[in-house]
Visitor: 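The structure's right below; bear with me while I get my questions together.
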Amino acid sequence: MNLRDKYRIPHDSIITVAGTVGVGKSTMTKALANALNFKTSFEKVDTNPYLGKFYKDFERWSFHLQIYFLAERFKEQKKIFEYGGGFVQDRSIYEDTGIFAKMHYENGTMSKTDYETYTNLFEAMVMTPYFPHPDLLIYLEGSFDHILERIQNRGREMEKNTSISYWEELYNRYEEWINNFNACPILRIDISDYDLLKQDEPIEPILEKIGHFIQQSRKWKTREIIK
Ligand SMILES: Nc1ncnc2c1ncn2[C@@H]1O[C@H](COP(=O)(O)OP(=O)(O)O)[C@@H](O)[C@H]1O
Ligand SMILES: Nc1ncnc2c1ncn2[C@H]1C[C@H](O)[C@@H](COP(=O)(O)O)O1
């Protein structure tokens with residue numbers, strides 16, 4: 001029996017992996033998609049025309065970058081919708097708006113007008129049929145030092161040259177955000193509890209939890225429709 005059937009994970013599920021920069025989303029996305037035979041939706045970093053410029057000058061490029069990410073996510077959402085699910089997605093759209101754009105606006109590195117234009121566009125996009133809530137949001141978390149070490153070891157120059165206070169603020173904002181998040185069910189996973197790169201079969205206990213959460217959430221959705 002394949003792992004998806006073994007853990008009763010519906011073939012049309014949409015699973016989103018969330019968490020701060022460097023925590024391990026892409027690695028988890030690949031491992032889950034591989035185990036479940038699902039498709040992946042990744043953020044493309046290497047081909048992003050604004051990211052490097054943004055890290056050098058937040059104020060100048062934050063609006064351009066957010067619009068770029070929004071356009072990319074919209075295309076990805078549309079693709080997921082058209083395939084009818086069966087996807088693991090690296091980062092949710094909720095993080096762009098609820099964490100990054102908000103943080104740059106509140107810190108004065110995105111103007112009020114730009115922030116309003118961005119949020120209006122975001123709200124209009126979310127109202128289209130392409131944005132069903134995921135079945136499950138997997139939230140990866142860990143100690144700040146552990147995550148910082150991962151950013152350093154991964155070695156993207158633009159991130160290594162960014163101040164520790166930026167990562168620290170992001171880390172704290174993520175904590176606050178997840179504690180108030182309620183758009184879909186959440187499975188919180190501590191990165192010190194598993195090691196996808198070293199252990200042989202660390203993925204099965206995670207799949208078991210995913211199956212359980214999605215079953216619960218689908219039952220709940222069905223009850224809401226019947227009501
Ligand atoms: N479970 C893990 N155990 C050890 N190292 C990991 C694990 N997951 C990710 N890493 C490493 O941490 C770094 C950041 O991971 P990545 O998946 O790129 O994070 P994100 O997508 O959240 O930015 C990479 O160098 C990756 O190889
Ligand atoms: N919405 C965003 N605003 C600013 N920066 C962002 C946003 N989304 C992603 N990023 C940055 C953070 C990292 O440098 C890269 C890739 O993110 P990762 O968490 O490593 O997948 O893009």
Side-chain angles (χ1 to χ4, degrees), residues 16-30 41-73 76 89-119 121-122 137-181 183 186 188-198:
T16 294
V17 184
T20 195
V21 177
V23 71
K25 297 178 298 298
S26 308
T27 311
M28 175 63 87
T29 299
K30 272 181 223 144
S41 166
F42 282 111
E43 277 181 332
K44 294 177 207 83
V45 170
D46 298 343
T47 52
N48 186 318
Y50 295 110
L51 200 56
K53 292 177 183 164
F54 163 79
Y55 276 111
K56 288 198 184 112
D57 186 346
F58 287 151
E59 205 166 339
R60 170 80 180 81
W61 296 106
S62 61
F63 180 66
H64 300 72
L65 180 71
Q66 294 310 326
I67 296 294
Y68 180 83
F69 271 123
L70 198 53
E72 288 298 299
R73 296 228 195 274
E76 288 295 305
Q89 190 179 30
D90 177 4
R91 178 163 280 131
S92 66
I93 193 157
Y94 312 118
E95 293 158 77
D96 292 317
T97 170
I99 299 175
F100 289 94
K102 191 162 176 261
M103 171 167 117
H104 283 279
Y105 165 58
E106 288 176 0
N107 287 343
T109 43
M110 189 192 278
S111 73
K112 188 167 188 284
T113 311
D114 285 350
Y115 184 62
E116 282 170 2
T117 304
Y118 169 79
T119 44
L121 188 58
F122 168 76
L137 181 135
I138 298 183
Y139 182 71
L140 299 181
E141 58 194 339
S143 76
F144 178 64
D145 288 348
H146 194 168
I147 294 168
L148 199 58
E149 193 183 302
R150 284 190 175 183
I151 293 176
Q152 295 297 338
N153 290 342
R154 178 170 60 190
R156 288 180 189 148
E157 281 308 312
M158 58 191 171
E159 293 176 352
K160 281 168 56 181
N161 294 334
T162 296
S163 73
I164 292 182
S165 61
Y166 184 78
W167 305 124
E168 204 163 16
E169 178 168 7
L170 208 52
Y171 181 87
N172 293 330
R173 282 181 180 260
Y174 257 99
E175 280 300 294
E176 196 191 328
W177 171 80
I178 196 65
N179 288 331
N180 294 295
F181 181 84
I186 308 166
R188 292 175 83 133
I189 296 183
D190 195 304
I191 57 171
S192 54
D193 291 344
Y194 71 93
D195 191 339
L196 292 177
L197 303 179
K198 290 203 185 109

Visitor: Please identify each residue that fulfils side chain to side chain donor-acceptor pair (under 3.5 Å) with Q66, with sequence neighbours left out.
Guide: none

Visitor: Under 6.0 Å from the CD atom of E175, do we count more than 12 heavy atoms belonging to anything else shown?
Guide: yes

Visitor: With rounding to the nearest 0.5 Å, note down the distance linking OH in Y139 to CG in N179.
Guide: 8.0 Å

Visitor: Would you call F100 and L170 a side-chain contact if the rule is heavy atoms closer than 4.5 Å?
Guide: yes

Visitor: Measuring only between side-chain heavy atoms, which start at C-beta, is T119 closer than 4.5 Å to K102?
Guide: no

Visitor: If you define the side chain from C-beta out and look only at heavy atoms, does anything of E106 sit under 4.5 Å from E169?
Guide: no

Visitor: Look at the rings of H104 and Y166 and say which category their plane angle falls in: under 30° parallel, 30 to 60° tilted, over 60° perpendicular.
Guide: tilted

Visitor: Parallel, tilted or perpendicular, judged at 30° and 60°: which one describes the rings of Y115 and Y118?
Guide: parallel

Visitor: Mind checking the CG-CG spacing from L70 to L121? Nearest 0.5 Å is all I need.
Guide: 5.0 Å

Visitor: Do the side chains of I164 and L148 get nearer than 4.5 Å, heavy atoms only?
Guide: yes

Visitor: Using the rule side chain to side chain donor-acceptor pair (under 3.5 Å), only one of E76, R73, E72 pairs with S41; which is it?
Guide: E76

Visitor: We want to know whether E168 and S165 form a side-chain donor-acceptor pair, criterion being a heavy-atom distance below 3.5 angstrom.
Guide: no

Visitor: Ignoring hydrogens and angles, tell me if any N or O in the side chain of D193 forms a donor-acceptor pair with the backbone of I189 under 3.5 Å.
Guide: no

Visitor: side-chain contact (heavy atoms from CB on, under 4.5 Å), that's the test. Do N48 and F69 meet it? Break it down for me.
Guide: CA-CA 9 Å; N48 186 318; F69 271 123; 3.6 Å; yes

Visitor: If you round to the nearest 0.5 Å, how far is CD1 of I147 from OH of Y171?
Guide: 5.5 Å

Visitor: Less than 4.5 Å apart, side chain to side chain, heavy atoms only: is that true for F122 and I93?
Guide: yes

Visitor: Does a side-chain heavy-atom distance below 4.5 Å link T109 with M103?
Guide: no

Visitor: Please report the shortest heavy-atom distance between I191 and G142, naming the atom on each side.
Guide: CG1-CA, 3.8 Å

Visitor: If we only count heavy atoms from C-beta on, is the T162 to R156 side-chain gap below 4.5 Å?
Guide: no

Visitor: If only side-chain N and O atoms count, and only distance matters, is there a donor-acceptor pair under 3.5 Å linking S192 with D190?
Guide: yes

Visitor: Apply ring pair (Phe, Tyr, Trp, His ring centres under 6.0 Å) to Y174 and list each qualifying residue two or more places apart in sequence or on a separate chain.
Guide: W177

Visitor: Is the shortest distance from a Lys or Arg side-chain nitrogen in K160 or E157 to a carboxylate oxygen in the other one below 4.0 Å?
Guide: yes

Visitor: Between F63 and T117, is any pair of side-chain heavy atoms under 4.5 Å apart?
Guide: yes

Visitor: May I ask you to decide whether K25 forms a salt bridge with E95, counting only side-chain N to carboxylate O separations under 4.0 Å?
Guide: no

Visitor: Considering residues at least two apart in sequence or located in another chain, which fulfil the side-chain contact (heavy atoms from CB on, under 4.5 Å) criterion with A183?
Guide: Y94, H133, F181

Visitor: How long is the gap from NE2 on H64 to CG on L51, to the nearest 0.5 Å?
Guide: 14.0 Å

Visitor: Can you measure from OG1 (T20) to CZ (F144) and round to the nearest 0.5 angstrom?
Guide: 8.5 Å

Visitor: To the nearest 0.5 angstrom, please state how far the CE atom of M158 sits from the NZ atom of K53.
Guide: 13.0 Å

